[in-house]
There are 2 protein chains.
Amino acid sequence: MASTSPAASRLSARPRAQRVLPESRFDRRLAKILLHATNEFYEKGYEGASMRDLSRSSGMSLAGLYYYFESKEKLLYLIQKHTFQTIVERLRARLQEVSDPEQRIRVFILNHLEYFLANQKAMKVLSHEDDVLKNSFGSEIATLKREYYRICLELLDQFQQAKGLEFSSRIAVLSLFGMMNWIYTWHHPRVDADAKELARQMGDIFLRGIHAAKKGKAAKKKTAVPN
Amino acid sequence: MASTSPAASRLSARPRAQRVLPESRFDRRLAKILLHATNEFYEKGYEGASMRDLSRSSGMSLAGLYYYFESKEKLLYLIQKHTFQTIVERLRARLQEVSDPEQRIRVFILNHLEYFLANQKAMKVLSHEDDVLKNSFGSEIATLKREYYRICLELLDQFQQAKGLEFSSRIAVLSLFGMMNWIYTWHHPRVDADAKELARQMGDIFLRGIHAAKKGKAAKKKTAVPN
DNA sequence: CCACAGTTCGAACGTTCGTTCTAATACTAC
DNA sequence: GTAGTATTAGAACGAACGTTCGAACTGTGG
């Protein structure tokens, strides 16, 4: 595991940056590879895409790739980590400008869908290859995921409290994530609405859906289903 | 491709059934293998699970497995086809007993979630390995899927018409499927509600969500989101 | 007993997998 | 030019992949 490859000490360490540019040549090259890798994983899945596929699509020799990272797993890890960090970072910035509980949920939905559709391939790789990373890679991604989940949960709890509602915020959050994340299975940019419109429609469904659950309604046995 | 293996002519043809029992020994054995395969695909994914994994978990030699089916792909195909057919068949039976448009949607949701939770592993394999089958296998599964989708779409259209509502039923169906299918990523039988309760909650969210979109409301620009 | 289909398996097939070794090239500084 | 570091690639590694082959079992009917 102790690595002596050039890739090991890069990226976060960035030894002796000869220019003060935000990105070294190494970083830019790696980013390009990550983009090609995202494409391959998107189309064939992580297990289904081989390093040789990746070599072909990125126009670099098989061995040459390993100068930039130490394993296929690390590649997936870098893709997922960068995607998650970016979407959370953007969300945080947007949430700072809005204080109304309902609008904050709408901001969450819009941010998620906008990023999802603008980076559909990376987001599919993030959603679909959810539990393939193990050990430290896996737990680090899981932490980011939990953090994102928690933000949404708190938005819902605040909304619930402000409006005097009573519903299971866990089920609500997970239903919302399901609605939103599922789009990678069906959205075609040419025929389906854009992010803003989708966010409005899903926001309507979701918000009206949870809005009706007034407190003290004792939600049990409202409408019985036959059989 | 023209197969001479024993498995080729079986199952649907079932030559010379020596007992009139519903299932021959061959069919029962194959069904057992499919069950173990479902488990493996559930845990490691289709590409990630090897035939040797399957051999170990089912307690049969690698070569012995091929007496019952001709390829790994066929195995996935059989699992997905059986799962899809069963859930559609059960749905049809249940829908015959209910005529109220809203209740019919609730029946759809309940049927889906009950089957999903009772057969969580098979349903994950169905949802997660959605586009790995190619050619005739793939298109046959795609047809079943489209059929199931269409049933739900019609339920929504009927509901919409009966209540005088106006919303995109495509987005609504796909949002609903997202909510429901996403559960394979989070549901833990020990901590989460059962199917009936989940169906009630998701049904509430979804139905109230789409119910508010009254006709002629000109749903444009209802609430603007900053940025 | 034999014949024979139904069933199982050890061993191997050829291919592809992720990864590494080593040497060759490109680039920059002197 | 030379020195030295950054970058690339050909060839090969051992392991694992899906699949097949022929021989060996098993159990029943003659």
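Reckoned from all heavy atoms, side chains included, excluding hydrogens, waters and symmetry mates. Proteins come first, then strands; the chains are lettered A, B, ... in the order of their sequence lines, and each starts at number 1.
Regarding contacts with the backbone of dC17(D), a side-chain N or O of Ser50(B) is found under 4.0 angstrom from either OP1 or OP2. Taking 4.0 angstrom as the limit, Tyr68(A) places a side-chain polar atom (N or O) nearer than this to OP1 or OP2 of dT8(D). Look at Arg25(A) and you won't find any side-chain N or O under 4.0 angstrom from OP1 or OP2 of dC27(C). The shortest distance between the side-chain N/O atoms of Arg29(B) and the OP1/OP2 oxygens of dT8(C) is below 4.0 Å. Taking side-chain N and O atoms only, Tyr67(B) has a distance below 4.0 Å to OP1 or OP2 of dT7(C).
Following rounding to the nearest Å, Lys74(A) (NZ) and dG18(C) (P) show an atom-to-atom distance of 18 Å. Per the geometry, CZ belonging to Arg28(B) stands 14 Å off C1' belonging to dG6(C), to the nearest Å. The distance from atom NZ of Lys32(B) to atom P of dT7(C) is 15 Å, rounded to the nearest whole Å. Between Arg56(B) atom CZ and dA16(D) atom C1' the separation is 12 Å, expressed in whole Å. Rounded to an integer number of Å, the gap from Leu54(B) CG to dG18(D) P is 9 Å. Going from atom CG of Asp27(B) over to atom C1' of dG6(C) covers 14 Å, rounded to whole Å. Atom CZ of Phe26(B) and atom P of dT8(C) are 10 Å apart (whole Å). With rounding to whole Å, Glu47(A) atom CD is found 15 Å from dA16(D) atom P.
Ion pairing of Arg92(B) with Glu147(B) is present here, as a side-chain N (NZ or NE/NH1/NH2) and a carboxylate O approach within less than 4.0 Å.
Of all heavy-atom pairs between Leu65(A) and Ser58(A), the closest is CD2-OG, 3.7 Å.
Within the structure, every pair that satisfies the side-chain hydrogen bond (donor to acceptor under 3.5 Å, both in side chains) test and touches residues 78-89 of chain B, not counting sequence neighbours, is listed here: Tyr77(B)-Lys81(B). Pairs of residues two or more places apart, or lying in two chains, never qualify as salt bridge (Lys or Arg N to Asp or Glu O under 4.0 Å) while including a residue from residues 179-191 of chain B.
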Taking only N/O atoms, report every protein-nucleotides 19-23 of chain D pair under 3.5 Å with atom names and distance.
| from | atom 1 | to | atom 2 | distance (Å) |
| --- | --- | --- | --- | --- |
| dT19(D) | OP2 | Tyr66(B) | OH | 2.7 |
| dT19(D) | OP2 | Lys72(B) | N | 2.9 |
| dT19(D) | O5' | Tyr66(B) | OH | 3.4 |

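Looking at residues two or more places apart in sequence or on another chain, you find a side chain to side chain contact (heavy atoms under 4.5 Å, CB included) between Lys72(B) and Phe41(B), Tyr46(B), Met51(B). Taking the side chain to side chain contact (heavy atoms under 4.5 Å, CB included) definition, one finds that Ser50(B) meets it with Arg52(B), Asp53(B), sequence neighbours left out. In this view, Ile183(A) and Leu113(A), Phe116(A), Leu117(A), Trp186(A), His187(A), Met202(A) satisfy the side chain to side chain contact (heavy atoms under 4.5 Å, CB included) rule, not counting sequence neighbours.
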